Protein chains: 2
Amino acid sequence: MTVTSVHDPSHREALWELEDAFERGDLVSVFGTCTVSYEGRAASDLGAGDRLLVLKPDGAALVHTDEGRQPVNWQPPGSQHRAAVRDGRLRVVSTRSNPDETLTVRFSDVHQLSAMAVTGGRDLTLHGSEEDLRTRILERPGLVEPGFEPRETERPSNAGPMDVFGVDADGTPVVVELKRRRVGPDAVGQLARYVRALEEELGIEEAADDNGGTGDGDRDPDDAPGVRGILVAPSVTDRAAERLADRGFDHVALDPTPAE
Amino acid sequence: MTVTSVHDPSHREALWELEDAFERGDLVSVFGTCTVSYEGRAASDLGAGDRLLVLKPDGAALVHTDEGRQPVNWQPPGSQHRAAVRDGRLRVVSTRSNPDETLTVRFSDVHQLSAMAVTGGRDLTLHGSEEDLRTRILERPGLVEPGFEPRETERPSNAGPMDVFGVDADGTPVVVELKRRRVGPDAVGQLARYVRALEEELGIEEAADDNGGTGDGDRDPDDAPGVRGILVAPSVTDRAAERLADRGFDHVALDPTPAE
DNA sequence: GTATTGATCTCGTGC
DNA sequence: GCACGAGGTCAATAC
C-alpha cells in the first residue's frame, strides 16, 4: 500500500519523508507541536500548540486545531511547499504569488507524519443547490405563479446576469432571483439592481424618479410596474420582506428540493 | 505526547482506535479508500476513492481529497461521531440536529489512522482586518477627508449597524462603510441601505422634534444631500464606481494597513 | 488576468 | 434561537 508513516520521527527523518512525499505528489498529514505565522493578504501569528498540518499536492496547506470546520491557518491551492530543518525545528513554508503570501509552520516536535498517494475520486454529485431550484422552476413555471413563462436563464444585463427572465400572464417582463435558503435584505438589493437595469434597457421610465441623489427605485406598489421582480426562496427575513414591499416585489416560497 | 497510530489496521482494529479516540477527545486523521454520502441542507454522493478524513473532538468532520482548500464533504462542529463495522466496511457517521444533517463515510480500506490529544493554542492574532481599518480611521479621521469627525462606530439603524457614523467639515452627517479589499456593487448597496435608513431616521426626528437638532443640521435639498455616504476601500470595480456616482457617494482609497 | 455570485459557505456578535 | 455582516472567505464561471 502506498502509505508511508513515521511515528515520533527526528526532524531530519521527517524532512526526508516530507521531501519524498512532495516528490511523489502525496497527500500529507503531520501531527505535531508548532507555531504558525502568515503574511500576505493579511498577517497573523499563532503561538505554540499541537496541531494537524495537511499538505496537498496541488499546493494547498491547512493548519487545523481541535476546533472548527475552518483551518486556523492555511495556504490556497497553487502554492509551493518547501521544508527544512533550522534552529532545531522542522520548518514547512508554503508560498504563492499573486497575491504574494507565505505560510510558515515551525515544528518543535513532530509526533506523527503520514503520506498517501491520492488520485481521482473527487467528483461529487450534489443536489439541492440554486441550480436545482432553477431546474425545478423551468420544469414547472407555475410554481412561481400561474401563467409565468420563463424566457431565458442567466440573461445578461448591465447589472450582471439575472437568474431567470420571463413574462407573467399579462406579458409583463419578470426578473426572478433564486436563493436556495432564507434570505436577508441583500438579496432584495440584488434583485432590485437587475430590475432597474432591465427597466433602463427596455426604456421603461418610472414616474418621477430622476432626481439623481437618493432616488433608488422606490415605487408605489399600486403603479403598474414596467418590470416585475420576484424573489424565490424558502423564506425571507422581516427586513427583507419590508424591502420587498417597498420595491413592490413579490416573494414566492419555494425550496430547491421538493418537500419529502 | 499521546499519539496513537496504526498502519493498515483491520476494520475492527480501526474501530477500537476510533472509539478510544472519541472517548479521549482526540483529533483524528484517517487515510483510506471510502465512499461518502451527505444528507441535510443539501444531499450529495461521492464514489469510491482515497481520501483523508479528519474528525475533531468538537464534532467537526472533514473529508479531504488531494485538491482544494475546501473539504469535498464535511460536517460542522457540534456533530456526533459514531463508528461501526457493517457489511465488511468501517462506517463513520457524523450527525447533528438543527438542521438535521448526516455525513456517512464508508471505508473499504483503512490505510492509516492517527489520533492525538490536542488542547489550547488556538488564539490567532490577525492584522489587516476591517477592524484595523476602522482603528486607523478613528486615529486619523483626516484620512477619510479633511474635517471629517467620527462620532460613533457600529451605530444602530433600521438597516443594521453602520461601520462609522460622523460629520463632515460642514456638519453634514456621514455614513462610512469600510471594506478591507476591493469591492463590487454589493457594497454600494449596503452603504445605500444605511444612508437611506439614516435619512429616514433624521427626517422623522426633525418632524417630531420642533427644536430641530443642532444648527448645523440644516441642509439645502437641491444642493447637498441630507446624509453623505463614503465607501472606504482599497479600490472599487467599475460597476461599483458607477453605482457610487449614481447615488452621489464618495470613494476613499485606503488600505487596512499602512503602505510599507 | 478581473468581475461577479453561489456556498451544505463558516464564524462571530448582538438581540 | 435568529439576523446580519465579515472573511486572508473559497470556488466556479463569464469576460
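All values below come from the heavy atoms of this structure, side chains included, with hydrogens, waters and symmetry mates left out. Keep in mind it's a predicted model, so treat the numbers as computed, not measured. Chain identifiers are assigned alphabetically (A, B, ...) following the order of the sequence lines, protein sequences preceding nucleic acid strands; residue numbering begins at 1 within each chain.
Here the range on DNA chain C touched by chain B, meaning any atom under 4.0 Å from one of its heavy atoms, is C/dA3 to C/dC11.
For A/Leu138, the side-chain contact (heavy atoms from CB on, under 4.5 Å) partners are A/Arg134, A/Pro150, A/Thr153, not counting sequence neighbours. In this structure A/His251 satisfies the ring-ring contact (aromatic ring centres under 6.0 Å, His included) test with no other residue, sequence neighbours excluded. Residues satisfying the salt bridge (Lys or Arg N to Asp or Glu O under 4.0 Å) criterion with B/Arg239, sequence neighbours excluded, are absent altogether. Qualifying side-chain contact (heavy atoms from CB on, under 4.5 Å) partners for B/Ala115, counting only residues two or more places apart in sequence or in other chains: B/Thr4, B/Ala21, B/Arg24, B/Asp26, B/Val28. For B/Phe22, the ring-ring contact (aromatic ring centres under 6.0 Å, His included) partners two or more places apart in sequence, or in a different chain, are B/His81. Partners of A/Thr104 according to the side-chain hydrogen bond (donor to acceptor under 3.5 Å, both in side chains) rule, which considers only residues two or more places apart in sequence or in another chain, do not exist here. Looking at residues two or more places apart in sequence or on another chain, you find a side-chain hydrogen bond (donor to acceptor under 3.5 Å, both in side chains) between A/Arg96 and A/Glu101. Judged as a side-chain hydrogen bond (donor to acceptor under 3.5 Å, both in side chains), and not counting sequence neighbours, the contacts of B/Ser235 are B/Arg182. Every residue two or more places apart in sequence or in another chain that forms a salt bridge (Lys or Arg N to Asp or Glu O under 4.0 Å) with A/Arg122 is listed here: B/Asp66, B/Glu67.
Using a 4.0 Å heavy-atom cutoff across all strands shown, B/Pro99 reaches no nucleic acid atom at all.
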Open item on the list: So if I define the base as every atom that isn't primed, P, OP1 or OP2, how would nucleotides 4-9 of chain D read as a B/S/- string at a heavy-atom cutoff under 4.0 Å?
Closed with: SSSSBB
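Taking atom C1' in both D/dG5 and D/dT9, the straight-line distance is 13 Å, to the nearest Å. On the P atoms, C/dT4 is 23 Å away from C/dT8, given to the nearest whole Å. Spacing of P atoms, C/dC11 relative to D/dA11, comes out at 15 Å, to the nearest Å.
Counting only heavy atoms from C-beta outward, the side chains of A/Asn158 and A/Glu201 never approach each other to under 4.5 Å.
When rounded to the nearest whole Å, the span between CG of B/Leu62 and C1' of D/dC10 equals 15 Å.
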Nucleotide N/O to protein N/O under 3.5 Å, stretch nucleotides 13-15 of chain D:
none

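In this structure, CG on B/Asp163 lies 6.0 Å from CD on B/Glu154, to the nearest 0.5 angstrom.
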